[in-house]
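Worksheet: the structure to be examined is printed underneath.
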Amino acid sequence: MRKSSVCVGFFTVALIVIFLLMGACSPTEETEAPFRPIADVKQLMHGVIDPAADALWASVGTILTVEGVEEIFPKTDEEWAAVRNSALIITESGNLLMMGNRVQDGETWIEMSQAMIEAGQVALKAIDAKDVAAVFTAGGVVYEPCRNCHSLYWLEDNPDIIRGGPGG
């Protein structure tokens, strides 16, 4: 009997210690994140996200001219790496948009930012496979969260451009 009560007592003490340690390791509301966002959303869009998206969208395509058909796609490992870097920037920018005071209204903003991350991951997968058709399709996948977000949160320049005109 005595041996089993010692084991139960030891087990109880061990559980208490584990719960105390878990509480000590958990972040509290008073703990400040080590992040220091510098750019605002507009600066991120113009300086980081837009250039990366433009590079992804311009990386594959077909141009029809009088002279013939020109297929555009990365041809060297360096070109594939550059497109991959753009997709990585798009993907990680979703995280940047969820930091600090960049979050506009909570849940919807977070969902849109997470959709950007997921779309970027689709592009990364296509790029890693060096699948030109999949990269082209991924461009559309990336465009969707951009369009959806801009339809709600246009950067005050001219909301009618994104929303489809007056009343649109």
Side-chain angles (χ1 to χ4, degrees), residues 25-27 31-166 168:
C25 294
S26 300
T31 303
E32 189 174 318
F35 309 114
R36 290 185 22 197
I38 304 302
D40 63 22
V41 172
K42 189 172 184 177
Q43 291 167 328
L44 276 179
M45 290 302 299
H46 289 296
V48 177
I49 300 168
D50 285 348
D54 289 342
L56 174 68
W57 293 326
S59 70
V60 295
T62 303
I63 299 175
L64 303 174
T65 66
V66 174
E67 291 83 30
V69 176
E70 179 187 356
E71 296 292 336
I72 299 168
F73 59 92
K75 294 171 184 67
T76 66
D77 287 343
E78 292 78 19
E79 289 174 347
W80 280 108
V83 176
R84 188 177 198 289
N85 288 340
S86 293
L88 193 58
I89 289 168
I90 292 165
T91 306
E92 287 297 342
S93 291
N95 289 316
L96 293 174
L97 291 169
M98 292 187 283
M99 287 176 54
N101 63 358
R102 293 178 185 143
V103 177
Q104 301 299 306
D105 64 3
E107 187 175 324
T108 300
W109 183 267
I110 298 297
E111 288 172 7
M112 299 257 182
S113 299
Q114 290 171 339
M116 184 176 180
I117 294 167
E118 291 166 11
Q121 289 175 310
V122 169
L124 286 168
K125 183 177 178 182
I127 293 162
D128 288 343
K130 294 186 178 179
D131 183 335
V132 174
V135 173
F136 183 82
T137 300
V141 172
V142 168
Y143 179 75
E144 279 301 304
C146 295
R147 183 183 57 83
N148 292 340
C149 189
H150 287 196
S151 71
L152 291 175
Y153 307 106
W154 187 241
L155 300 174
E156 83 261 347
D157 293 326
N158 188 349
D160 291 338
I161 292 172
I162 296 297
R163 293 196 174 109

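For the numbers below, each heavy atom of this structure counts, side chains included, while hydrogens, waters and symmetry mates do not.
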Exercise: identify the closest heavy-atom pair between [X] and [Y]:
X    : Y    : value
K75  : E79  : N-OE1, 2.5 Å
D131 : W80  : N-CH2, 4.1 Å
A123 : A138 : CA-CB, 3.6 Å
G120 : V142 : N-CG2, 4.4 Å
I127 : A87  : CD1-CB, 3.6 Å
L56  : G139 : CD2-CA, 4.5 Å

Does [X] reach the main-chain N or O of [Y] with its side chain, forming a donor-acceptor pair under 3.5 Å?
X    : Y    : result
Q43  : D40  : yes
S93  : L96  : no
W109 : C149 : no
N85  : I89  : no

Taking CD in E107 as the centre, count heavy atoms belonging to other residues, nucleotides or ligands within less than 6.0 Å. Is the count above 12?
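No, CD of E107 has 12 or fewer neighbouring heavy atoms, counting only those of other groups under 6.0 Å.
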Counting only heavy atoms not in K130, do more than 12 sit closer than 6.0 Å to its NZ atom?
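It does: K130 NZ has more than 12 such atoms within range.
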Rounded distance (nearest 0.5 Å) linking atom [atom1] of [X] with atom [atom2] of [Y]:
X   : Y    : atom1 : atom2 : value
L88 : E92  : CG    : CD    : 6.0 Å
S86 : W57  : OG    : CH2   : 11.0 Å
M98 : M116 : CE    : CE    : 10.0 Å

State plainly whether the residues R84 and D77 are in salt-bridge range, i.e. N to O under 4.0 Å.
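No, this pair does not count.
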pair [X]-[Y]: side-chain heavy atoms closer than 4.5 Å:
X    : Y    : answer
N148 : Y143 : no
V41  : Y153 : no
T62  : E70  : no
I63  : I72  : yes
L97  : I49  : yes
I117 : I90  : no

Stepwise side chain to side chain donor-acceptor pair (under 3.5 Å) check, T91 with Q121:
CA-CA 6 Å; T91 306; Q121 289 175 310; over 6 Å; no
May I have the step-by-step check of side-chain contact (heavy atoms from CB on, under 4.5 Å) for Q104 and M112, ending in yes or no?
CA-CA 11 Å; Q104 301 299 306; M112 299 257 182; over 6 Å; no
